[in-house]
There are 2 protein chains.
Amino acid sequence: MGQQAAASIRQVARAARVSVGTVSNVLNRPSVVAPATRRRVLAAIDELGFVRNESARQLRSGTARTIGLVVLDVGNPFFTDLAKGVEAAATEAGHAVMLCNSDGSRDRESRHLELLAQQQVHGVLMSPVEDDLSSARELAARGVSVVLVGHPAESEDLCSVAVDDRVGGEVAVTHLLATGRRHLTMIAGSPATRQCAERHAGGRQALRRAGHDPADLEFLEVATLDVAAGQRAAEQLLARGELPDGVFCVNDLVALGLLQVLLRAGVSVPDDVAVVGYDDIDFAAAAAVPLTSVRQPATLLGRTAADLVIAEGTGSGHQHQQVMFTPELVVRESTGHREDRGRATGGPAWGALLRPVRELGGRVGAQEPEPAG
Amino acid sequence: MGQQAAASIRQVARAARVSVGTVSNVLNRPSVVAPATRRRVLAAIDELGFVRNESARQLRSGTARTIGLVVLDVGNPFFTDLAKGVEAAATEAGHAVMLCNSDGSRDRESRHLELLAQQQVHGVLMSPVEDDLSSARELAARGVSVVLVGHPAESEDLCSVAVDDRVGGEVAVTHLLATGRRHLTMIAGSPATRQCAERHAGGRQALRRAGHDPADLEFLEVATLDVAAGQRAAEQLLARGELPDGVFCVNDLVALGLLQVLLRAGVSVPDDVAVVGYDDIDFAAAAAVPLTSVRQPATLLGRTAADLVIAEGTGSGHQHQQVMFTPELVVRESTGHREDRGRATGGPAWGALLRPVRELGGRVGAQEPEPAG
DNA sequence: GCGCGTTGTTGAAACGATTCATTAACCCGG
DNA sequence: CCGGGTTAATGAATCGTTTCAACAACGCGC
């Protein structure tokens, strides 16, 4: 113990009085080595504290047993849930996961991708920062398997695993309309990003279907998609004197920030304003007012993506696949019906769980939950 | 574009009509190469889409430009904040971070450590699953720099960056006592884990100081430390008919789960029960009842640890350091004074930061790092 | 006793980048 | 025109592992 220099396979070989080839065989194909020899080698390995040098293995074999995962925001539980799914699938297949955080920055994203390429990773899963998929394509062109996560690949030259954002937006807004809301605001990031645009489009579509003017869904843009952004957005809304009666947030972090500031300002949710979030992270249910949210199957998304990338990197004849899941609406108190109004603003609606039902929003007829009894 | 085989330095050399050594020089010491040659080489690199093979570099240089970070729970925002600090510092120093999740499992922890050792990482930061630091020591003995995060190294043979858990527990319970609570329960994981034990000990100390019986702080053990565990703990408390009037949770996730179930059951927080969490994650402020919490400087912790591990791996004569920060209590509504009762929940105890001091316990006089940016 | 298949073991040739001792080319003062 | 110094470029050795053709030893049937 305590040796500084890591022992190499050669020293193990010498200690066990065998050739390097035999040591390698003990490591990789133990069955072809005579038991006595094997034992001797294993003893030497133990004795010297030998650790396989992964760099050398990779160099020889050409590809690493690692897959990269680049997410938009590690601070968002949606992405850590996703990461858990990825890790589970990867571990089963004997791969390690390298989790990288692009934080919504194109620069950081490309730095990470470059790094992953240099590591000769088996494949890369990424939730792209922007719609411009050139960096993903470039990576794929270099021979790295790429699977987009949370962003459908429009063309067939890439794999992707996503959730239908348009349906998500539609379900959310349909629900707001059904609770009697008419002046709606959507809080989201740049409309140039697919997710925000699609969810917005879904919302407009819901309005159209219901016979309203799609322009009734105002678009309020925020720079980032975190709790702080939601807080700022709420301040902005409050500052202009008139509030919408329904707000659809592009994710739960924004919704939680918004909720917090609204409540603090004495605005009642859901009586004055209904709030719908997106992702249904664990914290949504535990919020000041439990949050209605559009749920995405984060872990499943991760698992599926990892399975795809592993298959693509391993198999020979690979067909690119675009997988699409459908989100479901989870109704909680933040969108209680207007009829519920009249309750004290303060604490006490607690415990009166409006609707514990969890409901699946389908594509065509995202049904409305029964009005609270 | 579209080439399958990654170009090697040799092919670049051929294309640019120079030797491999020159290409390597262009990559690593551009100044020693004549401008014309350099341009030619760069053009070839661009043309062939050459990507440095990190495995080969590592193999040659002996160590990777990567540091490993093994955390107890990626789903806990405390750890993602910490990870952000690590990443910031690592990136500045030109290192990549490999984020691993042990999920509180010793097995997973050692698998990750093994993997990191095989990758010849520059160093490892870890928040150990158990108090038994043998795996950390073993890794260190193999020549890998190890820094413990969130767990002080009792002996001097390891670096560590931690926050004083005893003080944290003491501050939390002192505060509960100050708001008039007398029947206290602490919800935590196994008392065999240092963090839980220390925070508990701190709490008992607070009782003793205040002239009470330390046994007044009941210890309720939960198996995991997440939202679900808090929910179960709340159900357990509710089931026995009599509630404590103050609960100290070992982290905010547990506190949030507890809070949610208590409120749902019609229990008033803080009137019936005061709740204190730990870590002060972003969601604590946005909870159903904004959560009083013991704040740890997560990002700073990460930065400091990363700086240490980078220094240790780089420098020659290295002194192991044990850095200790002091937590601060952030008071919010979940522990409103009993006197405050009757007030609407939307109360203003905000911003009344008890101890904004940030204190560094050094070994021999470790200076206070400047508050990051 | 010879050939044959089986079973274990060997050692050298990759993999791709870095390093370093050599060599080549050139400038300049004497 | 020569010697010494500077600047550029070279190519072989090296890192630790895997793979694979070659070989040794052995048992066995004829």
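Numbers restart at 1 for each chain; the letters A, B, ... are given by sequence-line order, proteins then strands. Only this structure's heavy atoms are used, side chains among them; waters, hydrogens and symmetry mates stay out.
Judged by distance alone, the side chains of B:Asn28 and B:Ser24 do bring a donor and an acceptor atom under 3.5 Å apart. Checked by atom type, the side-chain pair B:Arg137/B:Ser155 shows a donor-acceptor distance below 3.5 Å. No side-chain donor-acceptor contact under 3.5 Å links B:Ser105 and B:Asp103. In this structure, a donor-acceptor pair under 3.5 Å is present between the side chains of A:Asp132 and A:Ser134. No hydrogens or angles considered: nothing links the side chains of A:Glu109 and A:Ser102 as a donor-acceptor pair under 3.5 Å.
Taking the side chain as every heavy atom from C-beta outward, A:Leu308 and A:Val323 approach each other to under 4.5 Å. With contacts defined as side-chain heavy-atom distances shorter than 4.5 Å, the pair A:Asn53/B:Gln118 does not qualify. Taking 4.5 Å as the limit, every side-chain heavy atom of A:Thr66 sits out of range of all side-chain heavy atoms of A:Gln119. Side-chain contact between B:Arg10 and B:Arg14 is absent, with no heavy-atom pair separated by less than 4.5 Å.
Between B:Arg10 and C:dG16 there is no side-chain N or O to OP1 or OP2 distance below 4.0 Å. Listed pair B:Asn28 / C:dT18 meets the phosphate criterion, a side-chain N or O lying under 4.0 Å from OP1 or OP2. For B:Ser24 and C:dT18, the shortest distance from a side-chain N or O to OP1 or OP2 is below 4.0 Å.
Remark: P of C:dT10 and CD1 of A:Ile9 are 13 Å apart, rounded to the nearest angstrom.
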Is there a side-chain contact (heavy atoms from CB on, under 4.5 Å) between A:Leu27 and A:Ile45? Walk through the geometry before answering.
CA-CA 10 Å; A:Leu27 258 26; A:Ile45 285 176; 3.6 Å; yes

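Contacts between chain A and DNA chain D, taken as any atom within less than 4.0 angstrom of a protein heavy atom, begin and end at D:dG16 to D:dT19.
Only B:Leu59, B:Arg60, listed by number, bring a heavy atom of residues 58-67 of chain B to less than 4.0 angstrom from any atom of DNA chain D.
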Taking only nitrogen or oxygen atoms into account, show me every contact under 3.5 Å that the protein makes with nucleotides 6-9 of chain C, one pair per line with its distance.
| unit_1 | atom_1 | unit_2 | atom_2 | d |
| --- | --- | --- | --- | --- |
| C:dT9 | OP1 | A:Thr37 | OG1 | 2.3 |
| C:dT9 | OP2 | A:Ala34 | N | 3.1 |
| C:dT9 | OP2 | A:Thr37 | OG1 | 3.3 |

